[in-house]
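Here the structure comes first, spelled out in structure tokens, and everything after it is commentary.
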Amino acid sequence: MKFGGTSVADGASVSRVVDIVESCHSAGNEVAVVVSAQRGVTDQLITMATELANNTDSSGIEPFINSLRIRHGKVLLESAEDYADEVGILVEEQLCNLENILNAVHNLRELTPRSRDYIITFGERLNSLVVSAAFRQRGIPSETLDGCEAGIVTTPNHGEAMALPQSEEKIQKRVLPLLADSVPVIMGFMGCTDKGVVTTLGRSGSDYSAAIIGAALDADEILIWTDVDGIMTSDPRLIPDARVIPSISYLEVMELSYFGAKVMHPRSIEPAMNKNIIVRVKNTFNPDHPGTTIVRGERRDTRVVKALTYIEKVAMVNICGAQMIGRPGVAKAIFSQLADRDVNVMMISQGSSEANITLVVEESQEETAREALSALVRQGMVRQVTTNRDVCAVAVVGSGMAGAKGTGGRIFTALGNGGINVMMISQGSSEVNISFVVRQEDGPRAVRILHDEFHLSEEDDE
Ligand code: ASP
Ligand code: MG
């Protein structure tokens with residue numbers, strides 16, 4: 001079971017978490033818990049560390065450490081009164097450690113990827129102490145393990161590390177023996193290299209931690225406890241009658257999260273999928289709601305389209321020139337220029353005339369992309385590179401679309417009838433996702449039109 005930052009924000013919510021774990025555990029199940037940081041703490045750590053490396057002023061350290069002390073101390077007192085002193089000392093140790101590193105960053109005016117990763121794990125370090133104490137307060141034996149101790153061995157790429165296969169055996173050795181008579185609390189978001197250097201798994205990486213650990217333990221289920229009822233057909237801020245999807249396939253969830261829907265860490269599905277373990281997304285604040293079940297999904301779906309996501313902060317990059325026609329190596333040159341500058345490409349489309357290639361990148365990478373590609377204009381490989389920020393992307397996701405005739409027709413007819421101009425379209429051959437780009441101002445309406453067209457607000461007829 002993984003619990004997110006809002007599920008552990010105060011004494012009352014931690015007590016809900018303990019209720020959930022207790023009822024599962026006392027029913028005879030073995031449970032391992034993964035926790036992330038309290039809400040907002042990771043962001044604060046990132047900001048603090050970055051500022052200290054770039055500023056002469058270090059007066060922010062003390063109040064920051066103090067705010068963490070107050071915040072965690074309060075939840076500790078509310079949810080584990082009897083352990084407040086004992087665990088309070090451990091919290092102080094962590095705070096002291098953090099304060100020292102922050103001072104070092106400031107003295108050196110240097111924040112390496114390695115020290116940054118270490119610093120930003122402190123949210124998890126602090127929170128796990130509190131949650132584990134709350135279990136003990138209710139009579140459930142519990143100890144904390146950091147991601148490295150739990151056995152997660154990762155690649156050395158800081159900030160986006162990936163678990164290596166040898167983790168499985170390590171996790172089994174370390175965590176399995178604890179499950180018989182306790183509930184270990186494992187710090188999410190982190191692992192370490194085989195040399196013991198602390199790494200992080202990418203933002204929202206605790207989902208990924210839970211999946212790695214659940215898969216290694218051959219769990220019956222991986223539960224992601226969050227603060228919404230499940231994965232929704234679309235963003236409820238955009239579509240007030242968006243609905244929780246009862247059941248969705250691994251593939252569909254991956255498409256959704258790659259495409260920016262903040263449902264789960266994009267890599268967190270793979271470990272579960274490899275072992276065919278059911279993943280459930282449920283609401284800590286509404287535990288009786290069945291939530292969303294993520295499964296392999298061999299069953300032929302009655303619905304062609306499952307969900308819609310919408311990304312605002314994107315830019316479209318258009319590369320054109322008659323000299324591109326029939327010339328091998330143009331795409332290679334484009335993508336290697338972008339890769340060299342760390343520009344991530346979200347969508348690609350090329351017409352069969354080959355005279356232009358259109359890409360979608362994150363808005364924050366537009367400048368870099370344009371600069372990177374201007375080299376190709378200078379070399380005469382392409383004629384022109386233009387960009388457009390005034391756009392947004394919509395992804396229509398559903399594995400029922402594969403092989404179903406007429407879905408594309410329905411999508412674009414509905415948009416056309418709504419007077420919306422589509423600027424770019426892309427569909428991968430997996431056919432699980434059709435994405436398109438429209439003008440920024442048309443985005444929300446495009447999503448609404450399609451949500452209606454595919455009756456996504458209506459309950460499944462099963
Ligand atoms: N605390 C980390 C983050 O904010 C990991 C997580 O929340 O899953 O990204
Ligand atoms: Mg999350």
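Each ligand, and each atom within it, is numbered from 1 in the order the structure gives.
For a threshold of 3.5 Å applied to N or O pairs, the pair formed by Glu124 and ligand 1 contains at least one separation below that value. Where the criterion is an N or O separation shorter than 3.5 Å, residue side chain and backbone included, Asp207 fails it with respect to ligand 1.
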Verdict with supporting geometry, Asp10 and Ser13, side-chain hydrogen bond (donor to acceptor under 3.5 Å, both in side chains):
CA-CA 5 Å; Asp10 51 29; Ser13 41; 2.6 Å; yes

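Counting atoms of ligand 1 from 1 in the listed order, those under 4.0 Å from a heavy atom of Arg203 are 3 (C), 4 (O), 9 (O). In summary, the atoms of ligand 1 found under 4.0 Å from a heavy atom of Thr42, numbered by their order in the structure, are 1 (N), 2 (C), 3 (C), 4 (O).
Ligand 1 has Ser204 within reach: a non-hydrogen atom of the residue lies less than 4.0 Å from it. Note on ligand 1: Gly205 sits in its first shell, one or more heavy atoms being nearer than 4.0 Å.
Pairs engaging residues 179-199 under the side-chain hydrogen bond (donor to acceptor under 3.5 Å, both in side chains) rule: Thr154-Thr199 [sequence neighbours left out]. Listed by first and then second residue, the side-chain hydrogen bond (donor to acceptor under 3.5 Å, both in side chains) pairs that reach into residues 119-134 are Thr121-Arg125, Ser132-Ser142, sequence neighbours excluded.
Considering only heavy atoms from C-beta on, Val295 stays 4.5 Å or farther from Tyr250 through its side chain.
Residue-level proximity to ligand 1 for Ser36 is carried by the side chain, the only part with a heavy atom below 4.0 angstrom.
Judged by distance alone, with hydrogens and angles left aside, the side-chain atoms of Asn103 form a donor-acceptor pair with the main-chain N or O of Glu99 at under 3.5 Å.
If you check the side chains of Thr233 and His451, you find a donor sitting under 3.5 Å from an acceptor.
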